[in-house]
Amino acid sequence: VLGVALERLDDPGDRGETLARLAHVAETLARTAREAITEDVDRAARAARQHACVLAAAALAERNVQPRLVLESLLIRLRRC
């Protein structure tokens, strides 16, 4: 799921586009967590942690951090999830 969602972040573009793409990824991860909670708690927990990482990246974008740096930060955070 995460791989497909991250494809949308391949070229971050401008700030508004980056925020829109991050919102899509966050929504995808939230949906995954909700759907997995009854069947696979570990998968749901991982999706929830990844969701938090995406929200942190969105906060960086809101503070006008360059889109490429936001993406790099997100990838580093996701490796730790």
Side-chain angles (χ1 to χ4, degrees):
V1 171
L2 184 60
V4 173
L6 286 177
E7 285 179 11
R8 304 189 101 225
L9 291 174
D10 187 37
D11 180 19
D14 65 13
R15 179 176 168 261
E17 188 175 343
T18 299
L19 285 169
R21 290 177 177 191
L22 288 170
H24 172 76
V25 174
E27 181 181 323
T28 300
L29 290 168
R31 183 176 41 252
T32 299
R34 285 191 304 271
E35 291 171 354
I37 194 68
T38 58
E39 297 175 12
D40 189 346
V41 175
D42 291 334
R43 181 175 175 216
R46 183 175 51 252
R49 287 190 306 271
Q50 292 170 339
H51 180 263
C53 290
V54 172
L55 293 181
L60 289 175
E62 286 284 345
R63 290 184 290 206
N64 287 327
V65 174
Q66 293 179 1
R68 184 63 61 190
L69 294 177
V70 171
L71 178 57
E72 288 179 22
S73 171
L74 174 60
L75 293 176
I76 291 168
R77 290 171 193 247
L78 289 174
R79 286 187 185 130
R80 295 178 186 161
C81 287

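Here the structure is a predicted model, which is why all the values come from computation and not from measurement. Nothing fancy with the numbering, it's 1 onward along the sequence.
Minimum interatomic distance between Leu19 and Ala61 (heavy atoms only, all atoms of both residues): CD2-CB, 3.6 Å. The two residues Thr18 and Pro67 make their nearest non-hydrogen contact at OG1-CB, 3.3 Å. For the pair Ala26 and His51, the tightest heavy-atom approach, listed with the atom from each and the gap, is O-CD2, 3.0 Å. Closest approach of Val70 and Ala57 over heavy atoms only: CG1-O, 3.4 Å. Nearest heavy-atom pair, Ala48 versus Ala33, reported as atom, atom and distance to 0.1 Å: N-CB, 4.2 Å.
Judged by distance alone, with hydrogens and angles left aside, the side-chain atoms of Arg77 form no donor-acceptor pair with the main-chain N or O of Val54 at under 3.5 Å.
Expressed to the nearest 0.5 Å, how far CG of Leu78 lies from CD of Gln50 amounts to 6.0 Å. To the nearest 0.5 Å, the span separating CD on Glu62 from CG on Leu55 amounts to 11.0 Å. The distance from atom CD of Glu27 to atom CG of Leu22, rounded to the nearest 0.5 Å, is 13.0 Å. Distance check: Ile76 CD1 to Leu71 CG gives 10.0 Å after rounding to the nearest 0.5 Å. In this structure, CG in Leu60 is found 12.0 Å from CD in Gln66, a value given to the nearest 0.5 Å.
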* Can you check side chain to side chain contact (heavy atoms under 4.5 Å, CB included) on His24 and Thr28, steps first, answer last? -> CA-CA 6 Å; His24 172 76; Thr28 300; 3.7 Å; yes
* **Full working for salt bridge (charged side-chain N to carboxylate O under 4.0 Å, His left out) between Glu72 and Arg68** => CA-CA 6 Å; Glu72 288 179 22; Arg68 184 63 61 190; 5.6 Å; no
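The shortest distance between side-chain heavy atoms of Leu74 and Val25 does not fall below 4.5 Å.
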